[in-house]
Amino acid sequence: MTEFSTFNGLRCSRTGQAEAADSPRNLSAAGAPLFASYDLEKAARTLRLRDMAGRAPSIWRYHEVLPVSAPERIVTLFEGMSPLLAAPRLAEALGVTKLWVKDEGRNPTGSFKDRGMSVAISMARALGVERLVMPTAGNAGGAAAAYTARAGLKIDVFMPRSAPRANHIETRLYGASLTVVEGFLDECGRQASAFGQANGAFEISTFKEPYRVEGKKTMAYELVEQLGGDVPDVIVYPTGGGTGLVAMWKAFDELEALGWIGGKRPRMISVQAEGCAPIVKAYHENAETTEHWKNVTTRISGLSAPRVLADRLCLRAIRESGGTAIAVPDEVMLEFVALAGAREGLSVCPEGAACLAALPELVKRRDVSADESIVVFNTANANKYTDILAGSGRGSG
Ligand SMILES: Cc1ncc(COP(=O)(O)O)c(C=O)c1O
């Protein structure tokens, strides 16, 4: 018999201990993120690379390896299936030869956050949650607001005053209650948790909730599908809380078990802002955990995550893959937003531009060779960042 989902429970990402999945869950008993697991042998019988063509053009084409148990329980706006675009003119400018951009700016609310929210909100509703709360650097707030509206639920979003104006506006337009916070994501997290406890709202912050990772892992499924069962040599990913990085690393193991790929893995390269780089610092100091980044000076919202809850998982993905971590100044990111626009017509957010900006330095340091296949994730649309782009003198007349 074929099954819609082969989800078979939650496990602690640190101890491997099985934990209950029949109620809304946050961290494991050991205080670590929970990971969803699947019967991949069963999933492999129907989830076959060669049969994907007829499936829905959204993340839900991979329903066997997502946790939602039935189609009617899905909350979707048709997220995912973002294009993988060759960028030869940009490659030339960066001194590499094989460059692709996976353009997540095409998602319903303009960022990759939609993938995680579609799964997390579907699961929250299926488990009987009516009221949610979430801290966000910006884009996840807009995404969460849209998907809770789509599900007919309520959410309170805590977002820094310094987040892009577009994120404040979209969150309100999608009907969420927005609290503007003086401070960064860590302070938003503190206030959101306190609010959740006081008001009985379920908290869906990064890695405290187990299913956002599941939505984001579909970026790796799509990439492998778009490359016809291949993986690139290198993935360059902008890292705040680290869900994108960790989720894709989880996905590659699943994809091998499903028989879609062999043992080769891409090297995972994490890019942060010089003004908030806890993962880059820990990586180069050979540390297993990150320290709280006390003096956040970057203005790039998606890269302003001073505390990294899943630090061990991020560092493990980078190290096991043979990747590295690198920091980029804000000003250089903004130059690369303009370069990607002018060279390729791509609407690249500063976080995605950070990855492009890192490439010449990565080649110089011999972390990447010029002829390797490289996939850069553009995690959002540049249109969300008009305030910072106009303020930098770019794009204003
Ligand atoms: C555009 C953009 N890129 C990257 C990130 C970082 O993502 P992650 O938390 O998965 O590391 C964010 C998070 O806010 C973001 O909004």
Side-chain angles (χ1 to χ4, degrees), residues 33 82 101-107 109-117 120 134-144 157-160 162-164 166-167 170-171 184-186 188-189 204-209 212-220 235-251 268-273 276-280 290 293 296 298-311 313-315 317-318 325 328 330 333 337 347-358 376-385 388-389:
S82 63
V101 176
K102 180 111 172 103
D103 192 6
E104 291 292 303
R106 316 295 182 93
N107 277 297
T109 76
S111 88
F112 78 116
K113 301 283 180 182
D114 292 336
R115 297 175 183 267
M117 288 305 161
M134 196 188 68
T136 173
N139 288 318
V157 172
F158 290 73
M159 189 186 293
S162 57
N167 292 141
E170 67 181 342
T171 301
F184 292 101
L185 189 55
D186 48 349
C188 296
I204 54 163
S205 64
T206 299
F207 283 115
K208 266 200 191 170
E209 187 282 340
R212 285 174 67 182
V213 166
E214 294 307 295
K216 290 185 184 176
K217 81 179 180 189
T218 59
M219 290 188 288
I235 286 181
V236 194
Y237 201 90
T239 311
T243 22
L245 197 72
V246 169
M248 283 195 279
W249 194 238
K250 177 179 191 281
M268 307 296 285
I269 299 185
S270 162
V271 182
Q272 297 201 292
C276 184
I279 291 175
V280 178
T290 55
W293 192 274
V296 175
T298 179
R299 294 175 58 219
I300 307 307
S301 50
L303 300 178
S304 309
R307 267 187 213 281
V308 187
L309 178 61
D311 49 0
L313 295 171
C314 292
L315 289 161
I318 297 165
V328 175
D330 287 11
M333 295 181 212
V337 172
S347 179
V348 171
C349 63
E351 293 86 344
C355 299
L356 297 171
V376 162
F377 277 78
N378 173 40
T379 40
N381 192 300
N383 293 345
K384 294 211 186 200
Y385 296 81
I388 193 167
L389 291 169

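Counting starts at 1 for both ligands and their atoms, following the listed order.
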Which ligand 1 atoms, with their elements, are less than 4.0 angstrom from a heavy-atom of [X]?
{"X": "Ala380", "result": "1 (C)"}
{"X": "Thr239", "result": "11 (O)"}
{"X": "Phe112", "result": "2 (C), 3 (N), 4 (C), 5 (C), 7 (O), 10 (O), 12 (C), 15 (C)"}
{"X": "Gly244", "result": "10 (O)"}

Sub-3.5 Å N/O-N/O distance, [X] and ligand 1:
{"X": "Asn139", "result": "yes"}
{"X": "Gly241", "result": "yes"}
{"X": "Gly242", "result": "yes"}
{"X": "Thr243", "result": "yes"}
{"X": "Gly240", "result": "yes"}

With heavy atoms and a 4.0 Å threshold, my read on which part of Tyr385 contacts ligand 1 is side chain
Are side-chain heavy atoms of [X] and [Y] found at a separation under 4.5 Å?
{"X": "Lys384", "Y": "Thr109", "result": "yes"}
{"X": "Tyr385", "Y": "Glu351", "result": "yes"}
{"X": "Pro278", "Y": "Gln272", "result": "yes"}
{"X": "Ser111", "Y": "Thr379", "result": "no"}

In this structure, which one of Leu313, Val280, Ile269, Ile279 forms a side chain to side chain contact (heavy atoms under 4.5 Å, CB included) with Ile318? Ile279
Checking a contact table here: which protein heavy atom is nearest [atom], and how many Å away?
{"atom": "atom 5 (C) of ligand 1", "result": "Gly302 O, 3.5 Å"}
{"atom": "atom 13 (C) of ligand 1", "result": "Lys113 NZ, 2.8 Å"}
{"atom": "atom 4 (C) of ligand 1", "result": "Thr379 OG1, 3.6 Å"}

For the residue pair Phe112 and Tyr237, does the interplanar ring angle fall in the parallel (under 30°), tilted (30 to 60°) or perpendicular (over 60°) class? perpendicular
Within this structure, what is the [atom1]-[atom2] distance for the pair [X] and [Y], rounded to the nearest 0.5 Å?
{"X": "Met159", "Y": "Leu185", "atom1": "CE", "atom2": "CG", "value": "10.5 Å"}
{"X": "Glu104", "Y": "Arg106", "atom1": "CD", "atom2": "CZ", "value": "10.5 Å"}
{"X": "Leu303", "Y": "Asp330", "atom1": "CG", "atom2": "CG", "value": "8.5 Å"}

